[in-house]
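Reading through the structure tokens given below for one structure.
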Amino acid sequence: ILWQEEQTEAEKINNDYQPDLSKLRESGNQDDVYMRVQNFELAIKYREKLLNSLRRKRYKEIEKITSFDALGRCYEKLQRYQQASACFIIGMNLITEIYGEVHPHVATSYTHLGLVLEKLGLYQQAGEYLAGALEIRKIIYGEKDLNTAHSYANLAGVCLSLGDHQLALEYFITALNIRMFISGGKNHPDVALSYNQLGSYYCRLGQFHEALLYFFKARDVREAIYGERHPETVTSYNNIAEVHQNLGEYKKALEPYVKAIELNKSMHGEKNPYTALSYQNLASLYNNLGEYQRSYEYHMTALTIFKTLFEETHPYVFISYNNLASLYKNLKNYEKAQEYSLKALDIAKVRFGEKHPDTATSYGNLAGVYASLEKYELALEYHHQALNIRKVVFGERHRDIAISYNNLGLLYKNLREYELALEYHQTGIEMMRALYGEQHPHLATFYENLAAVYKSLRRYQQEEEYMKKAQEIRKAI
């Protein structure tokens, strides 16, 4: 592997996209109707109009709280996280003023704000609010409560993003134990959720066989509760397929990916985000199989659906552009790869801002394209930009920072600046070992890249040493 592929975060959609509107008109609030059919723009207009009315009249503050919360949720669904956080902050201040510091509404407000800050890449701040929500819920509900379990899981997610894997595991296990205690050993959606979260945790650590066990457990519970035709069950099929793909078991990945597409089309129709995301998953699989034409067709199908449903700067369009750039890079069509990488970067800057993990990812991807074009100065500039953003977001130690060091090592090798290449590779390796230990697929890749530098320096004994380490990791995985 020449360039370590960058990863972006795609979000799961939580509601059906096109329910029967006639069944919703009995709802008490008009924006409830708009929210449930995912017409968030109309919901925002409705709530802004209501807020203007509230400013002119002496309504109770609780009405303002409800409106700011609804606005925040609409902006969050539209993935406009800056506006969402602003609304949640106003609502949080009003709630705290009315109810004091220890109240269920305050915990909910902290949770909403913390989760949005996490999506903005502000992990330290997110952790503070989510920890605050956990403490409030422990005081109010005690330890053995679903609300408390949700807070443990939320906080675990932030710990994982910050690279504190041991604490993340502790919180995920605590959440699972609470949920199993409350369910009494019976199948329960929250137990399936915990299994899914633990599967994702082990995927992040590169422990794919362990991840697969938890994803199968989540699937079994969801099938028992919902049957096959349910979004949560389909999510489990996708997760299982992804792990098989990571293990290089492409034929095993194909069946659940195809099944997910068929189920999404039957439940939601063709022009739906669920279906489009399933097409993207299948496109990535065909990309790995080297079937680039089929990969291109599925990526374009997904992109067409996203552009039909969403604006140009939507995160799903951003992800599609990144995927197409990766495909064209594999095809060695670097001009097209550059075109789509630049489009993705433009969206990232508009949607996420400069200091965000996905913006850093875009800089890293574009740097990889420039390196392939032998535009090394531009590649160097953008890789350093990605590294600097990641240090601001994550601190000094994180998986993505280690990837940046690895990428810079590769670039300096291409520039024949071998001592700098050694320095960056060794820094990345030390960081990965500190984070994950000796058994992670990224570490195997890093060892191989370091071995290539030693080969260029004709230090063949050290080349052999690191190639052997890489092989041992891959055999273990």
[Y] backbone acceptor or donor facing [X] side chain under 3.5 Å:
| X | Y | answer |
| --- | --- | --- |
| Asn388 | His384 | yes |
| Arg390 | Asp400 | yes |
| Arg229 | Ser266 | yes |
| Thr275 | Gly269 | yes |
| His356 | Lys119 | yes |
| His398 | Ser161 | yes |
| Asp69 | Ile65 | no |

Would a 4.5 Å heavy-atom cut-off, applied to side chains only, mark [X] and [Y] as touching?
| X | Y | result |
| --- | --- | --- |
| Pro231 | His268 | yes |
| Phe68 | Arg73 | no |
| Leu303 | Met300 | yes |
| His440 | Met432 | yes |
| Leu134 | His150 | no |
| Ser320 | Gln280 | yes |
| Ile401 | Tyr405 | yes |
| Tyr81 | Tyr75 | no |

- Between Gln338 and Leu342, does a side chain to side chain contact (heavy atoms under 4.5 Å, CB included) hold up when you go through it step by step? CA-CA 6 Å; Gln338 178 183 342; Leu342 284 168; 3.9 Å; yes

May I ask you to decide if the ring planes of [X] and [Y] are parallel, tilted or perpendicular, using 30° and 60° as cut-offs?
| X | Y | answer |
| --- | --- | --- |
| Tyr316 | His314 | tilted |
| Tyr171 | Tyr152 | tilted |
| Tyr412 | Tyr424 | parallel |

- Any residue meeting ring pair (Phe, Tyr, Trp, His ring centres under 6.0 Å) with Tyr447, in chain and number order, not counting sequence neighbours: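 Applying ring pair (Phe, Tyr, Trp, His ring centres under 6.0 Å) to Tyr447 gives Tyr466.
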
- Message: Is there a side chain to side chain donor-acceptor pair (under 3.5 Å) between Glu118 and Tyr129? Walk through the geometry before answering.
- Response: CA-CA 10 Å; Glu118 181 182 10; Tyr129 281 108; over 6 Å; no

Interatomic distance, [X] atom [atom1] to [Y] atom [atom2] [nearest 0.5 angstrom]:
| X | Y | atom1 | atom2 | value |
| --- | --- | --- | --- | --- |
| Asp358 | Asn365 | CG | CG | 10.0 Å |
| Leu324 | Ser295 | CG | OG | 8.0 Å |
| Lys375 | Leu380 | NZ | CG | 15.5 Å |
| Ser404 | Met431 | OG | CE | 9.5 Å |
| Asn238 | Thr233 | CG | OG1 | 11.5 Å |
| Leu435 | Arg204 | CG | CZ | 9.5 Å |

- Can you spot which of Leu193, Leu213, Leu176 makes a side chain to side chain contact (heavy atoms under 4.5 Å, CB included) with Leu198?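 Between Leu198 and the candidates, side chain to side chain contact (heavy atoms under 4.5 Å, CB included) is satisfied uniquely by Leu176.
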
Check the side chains of [Y] and [X] for a donor-acceptor pair under 3.5 angstrom, ignoring hydrogens and angles.
| X | Y | result |
| --- | --- | --- |
| Glu374 | Tyr334 | no |
| Tyr298 | Glu291 | no |
| Tyr279 | Glu270 | yes |

- Query: Tell me the ring-ring contact (aromatic ring centres under 6.0 Å, His included) pairs involving residues 363-382, sequence neighbours left out?
  - Reply: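 Only Tyr363-Tyr382, Tyr370-Tyr382 qualify under ring-ring contact (aromatic ring centres under 6.0 Å, His included).
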
[X] to [Y] - nearest heavy-atom pair and separation:
| X | Y | value |
| --- | --- | --- |
| Ala218 | Ala192 | CB-O, 3.6 Å |
| Glu76 | Ala84 | N-CB, 3.8 Å |
| Ile347 | Thr313 | CG2-O, 3.4 Å |
| Ala253 | Ala241 | CB-O, 3.3 Å |
| Asn330 | Asn287 | ND2-OD1, 2.8 Å |
| Val369 | Ala337 | CG2-CB, 3.9 Å |

- Which is it for Leu113 and Tyr110 under the side chain to side chain contact (heavy atoms under 4.5 Å, CB included) test, yes or no, and what are the steps along the way? CA-CA 5 Å; Leu113 181 56; Tyr110 283 172; 5.9 Å; no

- Task: Tell me, with the steps shown, if Tyr436 and His165 meet ring-ring contact (aromatic ring centres under 6.0 Å, His included).
- Result: CA-CA 8 Å; Tyr436 299 110; His165 305 116; 4.7 Å; yes

- Message: Taking the ring of Tyr328 and the ring of Tyr340, is the distance between their centroids below 6.0 Å?
- Response: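 Under 6.0 Å, so yes.
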
- Message: Once salt bridge (charged side-chain N to carboxylate O under 4.0 Å, His left out) is applied, what residue pairs with a partner in residues 336-355 remain, sequence neighbours excluded?
- Response: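 The answer is Glu311-Arg351, Lys336-Glu339, Glu339-Lys343.
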
- Query: So Phe318 and Phe352, ring-ring contact (aromatic ring centres under 6.0 Å, His included) or not? Walk me through it.
  - Reply: CA-CA 11 Å; Phe318 161 76; Phe352 308 120; 5.5 Å; yes

- Message: Taking atom OH as the centre, does Tyr296 end up with more than 12 heavy-atom neighbours from other residues, nucleotides or ligands that are less than 6.0 angstrom away?
- Response: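 Result for OH/Tyr296: open.
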
- Task: For Leu122, check side chain to side chain contact (heavy atoms under 4.5 Å, CB included) against everything at least two apart and list the hits.
- Result: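 Applying side chain to side chain contact (heavy atoms under 4.5 Å, CB included) to Leu122 gives Leu117, Leu120, Gln125.
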
- Item | side-chain hydrogen bond (donor to acceptor under 3.5 Å, both in side chains): pairs with one or both residues in residues 189-199, sequence neighbours excluded |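 Sorted result for residues 189-199: Arg179-Ser194, Arg179-Gln197, Asn196-Asn239.
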
- Message: Under the side-chain hydrogen bond (donor to acceptor under 3.5 Å, both in side chains) definition, can you give me all pairs with a residue in residues 253-264, not counting sequence neighbours?
- Response: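 Checked against side-chain hydrogen bond (donor to acceptor under 3.5 Å, both in side chains) - neighbours excluded - the pairs reaching residues 253-264 are Glu228-Lys259, Gln245-Tyr257, Asn264-Ser278.
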
- Is any NZ, NE, NH1 or NH2 atom of the basic residue among Glu448 and Arg474 found under 4.0 Å from an Asp or Glu carboxylate oxygen of the other?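 A salt bridge is present here (some side-chain N lies under 4.0 Å from a carboxylate O).
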
- Task: Test side chain to side chain contact (heavy atoms under 4.5 Å, CB included) on Glu423 and Leu420 and set out the steps.
- Result: CA-CA 5 Å; Glu423 180 184 333; Leu420 275 174; 3.9 Å; yes

- Taking it one step at a time, do Phe394 and Tyr123 satisfy side chain to side chain contact (heavy atoms under 4.5 Å, CB included)? CA-CA 7 Å; Phe394 300 119; Tyr123 299 117; 3.0 Å; yes

